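So the structure is just underneath, and the comments pick up after that.
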Amino acid sequence: MAKKGRVFSGARPTGRQHLGNYLGAIKNYVALQQDYDCIYGIVDLHALTTMETTKDLKNNTLEMALDWLAAGIDPQQSIVMIQSHVLELANLHTILSMVAPLGKLTDLPTFKEKIRDQPHNINYGLVGYPVLMAADILLYKSDAVPVGVDQAPHIEFARELARSFNYRYGAKVLIEPEMKVTQIPKVLGIDGERKMSKSLNNHIEIAATPEETTKRVMMMVTDPNRKLRSDPGNPDICNVFTMHKIFSSPEEVEMVNVECRRAGIGCVDCKRLLAKNMNKYFEPFRERRAEMAKRPDDIFDILEDGSNRARVIAEQTMAEVRDAIGMP
RNA sequence: AGGCCAGUAGCUCAAUUGGCAGAGCGCCUGUCUCCAAAACAGGAGGUUGUGGGUUCAAUUCCUGCCUGGCCUGCCA
């Protein structure tokens, strides 16, 4: 069947995925498979720019791959691969680094953030992060890249690199990728104020047990003005309600919306309903995942197969790149 | 390569002349609340970067090494 083109997206191996990862990326990855030839990379090289210890790298890769595959990313239909297993990437990265303007790299907001976050580890790779990202996208001749708005400058940078390369070497080898801005719901953590993230420990893992999920939901911060059971609440500022809108039926959402405001239901009732719906939502996923987790070798085989398929595309691109440059 | 400075709890930092390594924030538990938050009470968390040395005793003094920052050079 004819698809609209090729999509590449990568995620750093952060281990077991949480609701933010799922709603922000994975769900979208699964949906895109219908219309595009997708390549999903576990970008371990990018992870090295911030990781100071790599002892969990392999396990984090496995855990994330399990979440991806069990969630519906289909390795028959898409390519699921490990970034570092395609050596051509390093080659293209080096070549692109000669075209990449340093001033632009150091001006990017993400780089400035990292300077603030890890002033003791400002490495060369950190500056070149967007170059490596561009290399990944361009290596596979991606037509589109699904990203959140925060990644927009990086995609724009990749487009400019492709243009610069093509102009400098008088070729049309590299394809400027379209930015496929996905409307990512801003998923807040259980603290109700900051973005859900593992490092803030305000996350809920999608592969968590029903008990663990319920426990974490009960810990969620609600409308602080609703102190007593008899007080009316305001769902508009309550993250529990936001989650209801994702995991509960329209009828239940309406019920919560009405009953919370007139103290018809309490937060405990509200949270129990949410936890129940979340657990129901992820039940089939968790069953599939548990099955897959019994055979970790199979997962690594899938990743290896994906990397091999990706390499075929990469080799073709690199032949064209070398030819365009006029390398002997 | 040389010179100077720094490294202490998850984070930011204290610790008198060399004398039991502490605080704030964060984290966990409890009280209180429908839950959560807030408040209060309690708790965990450390080979003081690391190996030697001096000393009755080293976070503190000496020294090798590691890491980071600033400066001066050398090579490509």
Side-chain angles (χ1 to χ4, degrees), chain A residues 12 14-16 18-20 47-57 59-60 93-95 97-98 100 102 105-106 110-129 186-205 208-248 252-281:
Chain A
R12 311 207 290 182
T14 51
R16 293 164 82 103
H18 55 66
L19 291 176
L48 292 181
T49 60
T50 55
M51 286 197 345
E52 295 179 44
T53 169
T54 51
K55 64 177 166 52
D56 296 327
L57 191 52
N59 192 248
N60 283 346
H93 171 261
T94 304
I95 289 167
S97 73
M98 318 304 177
L102 187 59
L105 287 169
T106 53
T110 37
F111 179 67
K112 290 177 180 168
E113 260 171 51
K114 289 301 170 193
I115 288 181
R116 205 186 56 222
D117 293 347
Q118 50 180 61
H120 57 287
N121 186 20
I122 314 289
N123 55 72
Y124 180 69
L126 206 53
V127 186
Y129 191 107
K186 192 179 179 189
V187 183
L188 297 179
I190 60 173
D191 57 10
E193 56 182 87
R194 291 172 300 183
K195 189 176 153 189
M196 186 176 285
S197 91
K198 194 174 184 173
S199 57
L200 291 173
N201 192 27
N202 66 357
H203 62 301
I204 298 177
E205 290 175 356
T209 62
E211 294 74 29
E212 177 67 15
T213 304
T214 304
K215 187 181 157 198
R216 300 288 282 177
V217 168
M218 294 310 277
M219 286 168 69
M220 285 178 72
V221 173
T222 58
D223 174 4
N225 291 319
R226 190 178 184 191
K227 293 184 172 61
L228 302 174
R229 171 66 178 79
S230 51
D231 290 337
N234 180 6
D236 298 336
I237 59 165
C238 182
N239 194 32
V240 177
F241 184 62
T242 306
M243 293 285 187
H244 267 298
K245 286 189 273 193
I246 297 164
F247 293 104
S248 300
E252 287 169 325
V253 172
E254 187 52 25
M255 185 277 287
V256 169
N257 191 26
V258 171
E259 296 300 326
C260 174
R261 287 180 205 279
R262 66 174 190 202
I265 61 167
C267 294
V268 170
D269 309 314
C270 178
K271 285 176 173 180
R272 284 200 192 287
L273 179 63
L274 175 62
K276 193 188 90 180
N277 290 338
M278 265 185 197
N279 285 328
K280 190 178 165 193
Y281 182 96

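Quick note on labels: first sequence line is chain A, next is B, and so on, each numbered from 1. Remember, predicted model here, so these are calculated numbers, not experimental data.
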Under-3.5 Å N/O pairs linking protein and nucleotides 34-38 of chain B:
{"from": "B:C34", "atom 1": "OP1", "to": "A:K227", "atom 2": "O", "distance (Å)": "3.4"}
{"from": "B:C34", "atom 1": "OP1", "to": "A:R229", "atom 2": "N", "distance (Å)": "3.4"}
{"from": "B:C34", "atom 1": "O2", "to": "A:C267", "atom 2": "N", "distance (Å)": "3.0"}
{"from": "B:C34", "atom 1": "O2", "to": "A:V268", "atom 2": "N", "distance (Å)": "3.2"}
{"from": "B:C34", "atom 1": "N3", "to": "A:C267", "atom 2": "N", "distance (Å)": "2.9"}
{"from": "B:C34", "atom 1": "N4", "to": "A:R226", "atom 2": "NE", "distance (Å)": "3.2"}
{"from": "B:C35", "atom 1": "O2'", "to": "A:M218", "atom 2": "O", "distance (Å)": "2.8"}
{"from": "B:C35", "atom 1": "O2'", "to": "A:K271", "atom 2": "NZ", "distance (Å)": "3.4"}
{"from": "B:C35", "atom 1": "O2", "to": "A:K271", "atom 2": "NZ", "distance (Å)": "2.5"}
{"from": "B:C35", "atom 1": "N3", "to": "A:T222", "atom 2": "OG1", "distance (Å)": "3.0"}
{"from": "B:C35", "atom 1": "N4", "to": "A:R226", "atom 2": "O", "distance (Å)": "2.8"}
{"from": "B:A36", "atom 1": "O4'", "to": "A:K271", "atom 2": "NZ", "distance (Å)": "3.4"}
{"from": "B:A36", "atom 1": "O2'", "to": "A:M220", "atom 2": "O", "distance (Å)": "3.1"}
{"from": "B:A36", "atom 1": "O2'", "to": "A:V221", "atom 2": "N", "distance (Å)": "3.3"}
{"from": "B:A36", "atom 1": "N3", "to": "A:T222", "atom 2": "OG1", "distance (Å)": "3.0"}

Here the distance between atom P of B:G69 and atom CD1 of A:I115, to the nearest Å, is 12 Å
Gap in Å between the two P atoms, one belonging to B:C27 and one to B:G64, rounded: 43 Å
Which base, if any, makes a Watson-Crick or G-U wobble pair with B:A14, both distances under 3.5 Å? none
Across all strands shown, which nucleotide pairs with B:G45 by Watson-Crick or G-U wobble geometry, both distances under 3.5 Å? none
Set of residues satisfying side chain to side chain contact (heavy atoms under 4.5 Å, CB included) with respect to A:D56, sequence neighbours excluded: A:N60
Pairing partner (Watson-Crick or G-U wobble, both distances under 3.5 angstrom) of B:A58: none
What closest approach, in Å, do A:L274 and A:M220 show between heavy atoms, and which atom pair accounts for it? CD2-SD, 4.2 Å
Whole-angstrom distance between B:G49 and B:G43, as gauged at atom P: 27 Å
Heavy atoms of other groups near A:K276 NZ, more than 12 under 6.0 Å: no
Separation of the P atoms in B:C25 and B:C20, to the nearest angstrom: 25 Å
Could you report the tightest heavy-atom contact between A:L19 and A:F247, atom names first, then the distance? CD2-CZ, 3.8 Å
Can you tell me how far C1' in B:G24 sits from the matching atom in B:G30, rounded to whole Å? 22 Å
Hey, are A:N277 and A:N279 close enough side-chain-wise for a donor-acceptor pair under 3.5 Å? no
With rounding to whole Å, what would you report as the distance between B:A58 and B:U50 at their P atoms? 15 Å
Please give the nucleotide sitting opposite B:C4 as a Watson-Crick or G-U wobble pair, both distances under 3.5 Å, or none. B:G69
Rounded P spacing from B:U60 to B:U47 in Å: 16 Å
Take a 6.0 Å sphere around NZ of A:K186 and say whether it holds more than 12 heavy atoms from other residues, nucleotides or ligands. no
Taking only the C1' atom of each, what is the distance from B:A21 to B:U59 in whole angstrom? 8 Å
Applying side chain to side chain donor-acceptor pair (under 3.5 Å), name anything that partners A:R226, two or more places apart in sequence or on another chain. none
Quick one: look up who B:A21 pairs with, Watson-Crick or G-U, both distances under 3.5 Å, and put none if it's unpaired. none
In whole Å, measure the gap between the P atoms of B:C65 and B:A57 for me. 26 Å
